[in-house]
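Single-structure report; data block below.
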Amino acid sequence: MFNQIVRFWRRKDTENCAEAEVNELIKRIDKNKLPCHIAIIMDGNGRWALRRGLTRSYGHRAGIEALRDVVRICSELGIGFLTLYAFSTENWKRPQEEIDILMNLLVEYFYKEIDELCENGVRVHPIGRLAELPASARKAIDMAVQRTRENKGLTMNLAFNYGGRNEIVDAVRAIAAKLVNGTLRIEQISEKVISDHLYTAGQPDPDLLIRPSGDLRISNFLLWQLAYTEFWFSSVMWPDFRRIHILQALVDYQQRERRFGGLNKGT
Ligand code: FPP
């Protein structure tokens, strides 16, 4: 009993420290220099669970809590676009049981969260080859898109059955179809035309990419759009990722000098 009480108060102390740090970080953030678009590779669910002697599915379920907190803070800060990598085209290689869990979590997430997403003005925009998903997942995604379509706050791009190379293949096919039917000429193909045929058409490219869990790679995510994105890596596993980490990433991001291949004034 005593140990339980000590653990409880230790947890309280940690929460209080985190709250103090959150407030401190919020004070340091320049609201006029926030990124328009944040992209996140939600990684580390499996390792988080295995380290606790749990099966990987617990890690994915715990990852929902992180997702909820991150969507909230991005919404509160007035971030325009948040792209979340939830299921890649390569994730089909995983055991069927894990795939089923991820599909079910997607459905559960949207039905549970839809009211809060609407209250916060979040607009859901799925990206990926949605036609290849099971009917239940497509139905949940359609519901979320329909219910949030008029919302004017954060646009949440949920990358599901998403692959960066596939996205480029789909764009090339769409452009080629226009060449064939005569609505586009070869000399009209430009960077903008390609961007306009990606799943993220009409959106700014990500300013900041966050990857938790210690791996330093982009894993077929937003290959075209990340050309000049700032990267921020963390060893924190996704299920432990919270608003405090987003704020840390933002403070770091705001200290960077973005030159986009040019020179800054005075250099
Ligand atoms: C990568 O961690 C994570 C995924 C493949 C799934 C991400 C899913 C969630 C965050 C929760 C579900 C959210 C929705 C909306 C369905 P990993 O399994 O590769 O972890 P590991 O690298 O430690 O093995």
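Residue numbers count from 1 along this sequence. Quantities reported herein were computed from a predicted structural model and do not represent experimental measurements.
Annotation: side chain to side chain donor-acceptor pair (under 3.5 Å) contacts of Gln225 (sequence neighbours excluded): Glu167, Thr200. Listed by chain and number, the residues in a ring pair (Phe, Tyr, Trp, His ring centres under 6.0 Å) with Trp92 are Phe87 (sequence neighbours excluded). Residues passing the salt bridge (charged side-chain N to carboxylate O under 4.0 Å, His left out) test with Lys27 are Glu24, sequence neighbours excluded. Annotation: side chain to side chain donor-acceptor pair (under 3.5 Å) contacts of Asn181 (sequence neighbours excluded): Thr183. The ring pair (Phe, Tyr, Trp, His ring centres under 6.0 Å) test applied to His60 returns no partner, not counting sequence neighbours. Judged as a side chain to side chain donor-acceptor pair (under 3.5 Å), and not counting sequence neighbours, the contacts of Ser195 are Trp224. Take Phe110 and apply the ring pair (Phe, Tyr, Trp, His ring centres under 6.0 Å) test, not counting sequence neighbours, and it matches no residue. For Asp205, there are no salt bridge (charged side-chain N to carboxylate O under 4.0 Å, His left out) partners at least two apart in sequence or on another chain. The ring pair (Phe, Tyr, Trp, His ring centres under 6.0 Å) search around Tyr228 returns Phe260, not counting sequence neighbours. Take Arg72 and apply the salt bridge (charged side-chain N to carboxylate O under 4.0 Å, His left out) test, not counting sequence neighbours, and it matches Glu116.
Counting non-hydrogen atoms of other residues, nucleotides and ligands closer than 6.0 Å to NZ of Lys93 gives a total of 12 or fewer. For Arg28, the CZ atom is loosely surrounded, since the number of other residues' heavy atoms within 6.0 Å does not exceed 12. In the displayed structure, Ile186 atom CD1 is contacted under 6.0 Å by at most 12 heavy atoms of other residues, nucleotides or ligands. More than 12 non-hydrogen atoms from other residues, nucleotides or ligands lie less than 6.0 angstrom from CD of Gln146.
The aromatic rings of His37 and Phe81 lie tilted to each other, with the angle between the two planes from 30° to 60°. Between Phe231 and Phe233, the angle of the ring planes goes over 60°, which puts this pair in the perpendicular group of the 30/60° scheme.
Following chains of ILVMFWY side-chain contacts shorter than 4.5 Å, one cannot reach Met237 starting from Met42, and the two form parts of different hydrophobic clusters. Cluster membership check: Phe160 shares its hydrophobic cluster with Tyr111, using side-chain heavy-atom separations under 4.5 Å among Ile, Leu, Val, Met, Phe, Trp and Tyr.
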(request) May I have the step-by-step check of salt bridge (charged side-chain N to carboxylate O under 4.0 Å, His left out) for Arg61 and Glu108, ending in yes or no? (result) CA-CA 10 Å; Arg61 185 163 283 284; Glu108 192 183 316; 2.8 Å; yes

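Panel note: side chain Arg211, backbone Leu216; no donor-acceptor pair is recorded below 3.5 Å. Listed for the Tyr109 side chain is no donor-acceptor partner under 3.5 Å among the backbone atoms of Leu67.
Inspection of the Asp30 and Gln254 side chains reveals no N or O donor paired with an N or O acceptor under 3.5 Å. Checked by atom type, the side-chain pair Tyr199/Asn157 shows no donor-acceptor distance below 3.5 Å.
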Which donor-acceptor pairs under 3.5 Å do side chains of residues 246-253 form with protein atoms, sequence neighbours excluded?
from	atom 1	to	atom 2	distance (Å)
Gln248	NE2	Glu21	OE2	3.2
Asp252	OD2	Trp232	NE1	3.1
Tyr253	OH	Arg258	NH1	3.2

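Checked for salt-bridge contact, Glu90 and Arg165 miss the test: no charged N lies under 4.0 Å from a carboxylate O.
In this structure, Arg51 is not positioned above the aromatic face of Trp48 in the sense of NZ or CZ being under 6.0 Å from the six-membered ring centre and within 45° of the axis.
Considering all non-hydrogen atoms of both residues, Gly59 and Pro239 come closest at O-CG, 3.6 Å.
Pairs of residues two or more places apart, or lying in two chains, that qualify as side-chain hydrogen bond (donor to acceptor under 3.5 Å, both in side chains) and include a residue from residues 130-143 are Glu132-Asn161.
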